[in-house]
Amino acid sequence: QVQLVESGGGLAQTGGSLTLSCAASGRTSSRYAMGWFRQAPGKGREFVASISLSGRSTYYADSVKGRFTISRGNAENTQYLQMNSLKPEDTAVYYCAARRGDYAYFHSDDWTYWGQGTQVTVSS
């Protein structure tokens, strides 16, 4: 079993920045593709970004492209989400996710492991 723990959420103003972190523990002898999803009140969980096992390839949702950057950490199975130029519509609970194999999956059902979520609130 793999446990994911996010940190770094909080309150930001429009145009501000936040950085989310996620670390895996448990059965981490394998490397996993990692990703971020978010869920706003009354909405479904939506894809934000994902990164390959090597860290060399990434995907972004159109809504965050050019503003958010996903990266892997030096420690095994860690990742970050640098969020710049934040907008009120970025307000949501952000979830770290991991899966074996390919990273190019954009539906939450295709991801195996999940963190507990961290709240990001952007004030206008």
Side-chain angles (χ1 to χ4, degrees):
Q1 192 71 353
V2 174
Q3 294 80 41
L4 302 175
V5 178
E6 305 100 334
S7 61
L11 178 65
Q13 293 185 334
T14 297
S17 300
L18 285 172
T19 301
L20 305 183
S21 303
C22 175
S25 62
R27 190 171 293 177
T28 57
S29 57
S30 300
R31 286 179 63 84
Y32 297 88
M34 302 192 79
W36 292 94
F37 286 74
R38 66 186 182 186
Q39 188 165 14
K43 295 187 177 181
R45 193 168 295 191
E46 67 171 358
F47 172 81
V48 175
S50 62
I51 189 165
S52 64
L53 276 69
S54 68
R56 288 192 288 269
S57 299
T58 58
Y59 269 116
Y60 294 94
D62 288 343
S63 59
V64 306
K65 202 172 294 182
R67 300 188 297 121
F68 291 9
T69 302
I70 188 172
S71 61
R72 298 192 76 110
N74 292 329
E76 200 78 10
N77 294 317
T78 60
Q79 66 164 343
Y80 303 96
L81 186 68
Q82 175 67 43
M83 304 185 294
N84 297 327
S85 302
L86 284 163
K87 305 175 180 180
E89 50 263 44
D90 294 319
T91 295
V93 177
Y94 283 70
Y95 295 91
C96 172
R99 69 184 310 278
R100 294 183 187 275
D102 195 13
Y103 68 107
Y105 285 88
F106 313 118
H107 196 283
S108 57
D109 287 350
D110 294 318
W111 292 77
T112 310
Y113 303 105
W114 292 91
Q116 80 288 353
T118 184
Q119 178 70 46
V120 171
T121 303
V122 184
S123 62
S124 56

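We use all heavy atoms of the structure for the numbers below, so side chains are in, but hydrogens, waters and symmetry mates are not.
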Going through the checks in order, is the side chain to side chain contact (heavy atoms under 4.5 Å, CB included) test met by C96 and Q79?
CA-CA 9 Å; C96 172; Q79 66 164 343; 3.2 Å; yes
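- S123 and Q13 are not linked by any side-chain donor-acceptor pair at a separation below 3.5 angstrom, with hydrogens and angles left out of the test.
- Residues V48 and Y103 are members of separate hydrophobic clusters, defined by side-chain heavy-atom contacts under 4.5 angstrom among Ile, Leu, Val, Met, Phe, Trp and Tyr.
- Residues D62 and K65 are paired through a salt bridge, judged by an N-O separation under 4.0 Å between the basic side chain and the carboxylate.
- Under the 4.5 Å side-chain contact rule for hydrophobic residues, L81 and W111 do not share a cluster.
- Rounding to the nearest 0.5 angstrom, the gap separating the OH atom in Y32 from the OG1 atom in T112 is 8.5 Å.
- A donor-acceptor pair under 3.5 Å is formed between the side chain of S52 and the backbone N or O of S57.
- Closest approach of L4 and C22 over heavy atoms only: CB-SG, 4.0 Å.
- For the pair S108 and R45, the tightest heavy-atom approach, listed with the atom from each and the gap, is CB-CD, 4.3 Å.
- In this structure, OG1 in T19 is found 7.5 Å from CG in N84, a value given to the nearest 0.5 Å.
- We find the CG-CE distance between L53 and M34 to be 10.0 Å, quoted to the nearest 0.5 Å.
- What you find for R67 and S85 is that their closest heavy atoms are NH1-O, 2.9 Å.
- Taking both residues in full, the closest heavy atoms of A40 and A92 are given as N-CB, 3.8 Å, listed atom of the first, atom of the second, then distance.
- Cluster annotation: Y95 is not connected to V120 through the hydrophobic network of ILVMFWY side chains, with a link wherever side-chain heavy atoms come within less than 4.5 Å.
- The hydrophobic cluster containing Y80 does not contain V93, counting ILVMFWY residues as joined when their side-chain heavy atoms lie under 4.5 angstrom apart, directly or transitively.
- Here the side chain of T118 pairs no donor or acceptor atom with the backbone of Y94 at under 3.5 angstrom.
- Between the CG atom of L11 and the CD atom of Q119 there is a distance of 9.5 Å, given to the nearest 0.5 Å.
- Considering CD of Q82 and OG of S21, their distance stands at 9.5 Å, rounded to 0.5 Å.
- With rounding to the nearest 0.5 Å, the separation of CD in Q3 from CD in Q116 is 11.5 Å.
- Here the rule is ring pair (Phe, Tyr, Trp, His ring centres under 6.0 Å) with F106, and of Y60, F37, F47 only F47 fits it.
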Report the C-alpha distance between W36 and E6 in whole Å, list the side-chain angles of each, state the deciding distance to 0.1 Å, and finish with yes or no for side chain to side chain donor-acceptor pair (under 3.5 Å).
CA-CA 10 Å; W36 292 94; E6 305 100 334; over 6 Å; no
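- Here the shortest heavy-atom pairing between T14 and S124 reads OG1-CA, 3.4 Å.
- Heavy-atom minimum distance, M83 versus L86: CB-CD2, 3.8 Å.
- The shortest side-chain heavy-atom distance between R72 and N77 falls under the 4.5 Å cut-off.
- Clustering ILVMFWY residues whenever any of their side-chain heavy atoms sit less than 4.5 angstrom apart, transitively, puts Y105 in the very cluster that holds Y59.
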